[in-house]
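The chains referred to below are lettered A, B, ... by the order of the sequence lines, with proteins before strands, and numbering in each begins at 1. The analysis underlying the following values was restricted to heavy atoms, covering all of them including side chains, and did not include hydrogens, waters or symmetry mates.
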There are 2 protein chains.
Amino acid sequence: MNSNQEVIRRLSRYRNVMRKMKGLGLVKVFSDNLADAVGVSPSLVRKDFSMFNLTGNKRGGYRIDDLVTKLNTLLGKDKKQKIIIIGCGKLGQALMNHNGFPRVGIRVVAGFDSDPAVLNAEAPIPILHVKDIKEFIAENEIRVAALTVPEPAAQGMIDTLRKTCVKGVINFAPLTLKSSDDFLIHNMNIEQEIENLFYNIHFAESNPVENLVA
Amino acid sequence: MNSNQEVIRRLSRYRNVMRKMKGLGLVKVFSDNLADAVGVSPSLVRKDFSMFNLTGNKRGGYRIDDLVTKLNTLLGKDKKQKIIIIGCGKLGQALMNHNGFPRVGIRVVAGFDSDPAVLNAEAPIPILHVKDIKEFIAENEIRVAALTVPEPAAQGMIDTLRKTCVKGVINFAPLTLKSSDDFLIHNMNIEQEIENLFYNIHFAESNPVENLVA
DNA sequence: AATATATTGTGAAACAAGTAACTTTATAAT
DNA sequence: ATTATAAAGTTACTTGTTTCACAATATATT
């Protein structure tokens, strides 16, 4: 029906905001409130909900409890979401210990690396050798991996993962890996985002073509 | 003129691909080649270039050297791009030592934290106390910061940064901070991307509304 | 109980982005 | 020199997304 990524991201954000509201003791919420909190228009909030049959009450707004529950089901948050980290350099290890994950029901079950120096099979979250990755993925039914290997190793690892039951990868290597219908790749290109910021800061107000020609 | 973020990200990608092509000894490139390499359509490549007056030769394609130079100017890559890292936990320290940055002309000039245990003013990239951040930003004319503080501290730090000459922030805290025209925030919400992957893997092929209602 | 009002839900309109197809022109071949 | 052709540059079309505006209706007020 709907393969729009942005809607789903917004649903996550509505959910997160409502969980905080709930923490504050709020019971119901209006499209207006959510719009302010998330930074979108009220009509978009209503449209998004309407697309997924998430209903409220005319004049009464949306019941937070109800909506969070429905969003949890919709987003698959009622199940534990297991991931592995491939590449245990600084960034990989930061992700392994990232305490934002447990809070939203994401569990890092293992790390993988090719450097014997960082391996540690006995750690709470074991760091294993990449040679064993296929077996581990199969045994533990891993569906999502975070890729934090050096750029030159990224494409090769994707080729390996494609032969496993992994179906989605979040890529931190500074190149844009191509997604497909049956194997999703979300690229987190930090360098690109920073370049983008600099571009917008320097040139956004003036005419960029002028800058180039002048 | 144009505030479409995606075009700019694509320009970065064209540039990165062309730099690699240049490394292979290639001299000219066609919209077709770039399209394949970046994963977009050839007409989009031509349109993107055309929007920024980046011209090639009919039948001769684009001269890589020429185009990379023009893209460097356009993207502001002819100047060193200085950033600071706010929050020197695991993720912040990983970014401080991230070797993808120097390769694309981004330089991390300092880290900031409130925990005395991690401070180190003498390190090659000093880690300073956040109380000194405003002064540092002013003296060093910092325009872009990476925010890797815990979620509860994020909004407060944004409020502080708004009073400085920082104009852009890349935010890693798991909440979506709101951008404005004069203060840009790009959110790198890792949790959200992972949730999104799980959603797409589990539900994309079936009808999500069914999943919810059933 | 009747009326007023606030808020949802939705179809139409407006907008933005990307694609496809056409026109132009530089290069290559004859 | 002439002709053919490949690729850029451009215009029009298509598609998808967001906003707008209003009808429907649940709650609150009198």
For this session: Give the nucleotide from the list C:dT8, D:dT19, C:dT10 with an atom nearest to the side chain of A:Phe30.
Result: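 For the A:Phe30 side chain, the nearest candidate turns out to be C:dT8.
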OP1 or OP2 of [N] sitting under 4.0 Å from any side-chain N/O of [X]?
{"X": "A:Arg10", "N": "D:dT18", "value": "yes"}
{"X": "A:Ser41", "N": "D:dT18", "value": "no"}
{"X": "A:Ser50", "N": "C:dT10", "value": "yes"}
{"X": "A:Ser31", "N": "C:dT8", "value": "yes"}

In this structure, how many angstroms lie between the [atom2] atom of [N] and the [atom1] atom of [X], rounded?
{"X": "B:Asn53", "N": "D:dA8", "atom1": "CG", "atom2": "C1'", "result": "14 Å"}
{"X": "A:Ile8", "N": "D:dG16", "atom1": "CD1", "atom2": "P", "result": "16 Å"}
{"X": "A:Phe52", "N": "C:dT10", "atom1": "CZ", "atom2": "P", "result": "14 Å"}
{"X": "B:Arg9", "N": "C:dA17", "atom1": "CZ", "atom2": "P", "result": "12 Å"}
{"X": "B:Leu44", "N": "D:dT11", "atom1": "CG", "atom2": "C1'", "result": "16 Å"}
{"X": "A:Glu6", "N": "C:dC15", "atom1": "CD", "atom2": "C1'", "result": "17 Å"}
{"X": "A:Leu34", "N": "C:dT8", "atom1": "CG", "atom2": "C1'", "result": "13 Å"}
{"X": "A:Asp48", "N": "D:dT18", "atom1": "CG", "atom2": "P", "result": "7 Å"}

Below 3.5 Å is the cut-off: list the nitrogen or oxygen pairs between protein and nucleotides 12-14 of chain C, distance only.
{"from": "C:dA12", "atom 1": "N6", "to": "A:Lys47", "atom 2": "NZ", "distance (Å)": "3.4"}

Check: [Y] and [X] side chains under 4.5 Å, non-hydrogen atoms:
{"X": "A:Leu74", "Y": "A:Arg15", "value": "no"}
{"X": "A:Val108", "Y": "A:Leu95", "value": "no"}
{"X": "A:His202", "Y": "A:Leu197", "value": "no"}

For this session: Determine, for B:Lys82 against B:Glu141, whether the closest basic-nitrogen to carboxylate-oxygen distance falls under 4.0 angstrom.
Result: no
Exercise. Is it true that A:Glu195 and B:Arg9 make a salt bridge, defined as a side-chain N closer than 4.0 Å to a carboxylate O?
Worked result: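 Salt bridge: no.
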Problem set entry | Side-chain donor-acceptor pair present, A:Ser180, A:Arg162, cut-off under 3.5 Å | yes
For this session: For each nucleotide in nucleotides 22-30 of chain D, reading 5' to 3', give B when a protein heavy atom comes within less than 4.0 Å of its base, S when such contact involves only the sugar-phosphate, and - otherwise.
Result: --BBBBS--
Exercise. Which is true for B:Ser43 with a 4.0 Å heavy-atom rule: it touches a base, it touches only sugar-phosphate, or it touches nothing?
Worked result: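 Base contact.
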Exercise. With a 4.0 Å cut-off on heavy atoms, is A:Tyr62 in touch with a base, just the backbone sugar-phosphate, or nothing at all?
Worked result: sugar-phosphate
For this session: For B:Thr55 and for A:Val40, locate the closest nucleotide of DNA chain D by heavy-atom distance; then report the residue assigned to the nucleotide nearer the 5' terminus.
Result: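 So the residue in question is B:Thr55.
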Exercise. Counting only heavy atoms not in B:Asp78, do more than 12 fall under 6.0 Å of its CG?
Worked result: yes
For this session: Run the ring-centre check on B:Tyr62 versus B:Phe30 and record whether the distance is less than 6.0 Å.
Result: no
For this session: Please list all pairs passing the side chain to side chain donor-acceptor pair (under 3.5 Å) test where one or both residues lie in residues 18-28 of chain A, with sequence neighbours left out.
Result: A:Lys20-B:Glu151, A:Lys22-A:Asp65
Problem set entry | Minimum-distance pair of heavy atoms, taken over all atoms of B:Cys165 and B:Ile137 |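 Looks like SG-CG2, 3.7 Å.
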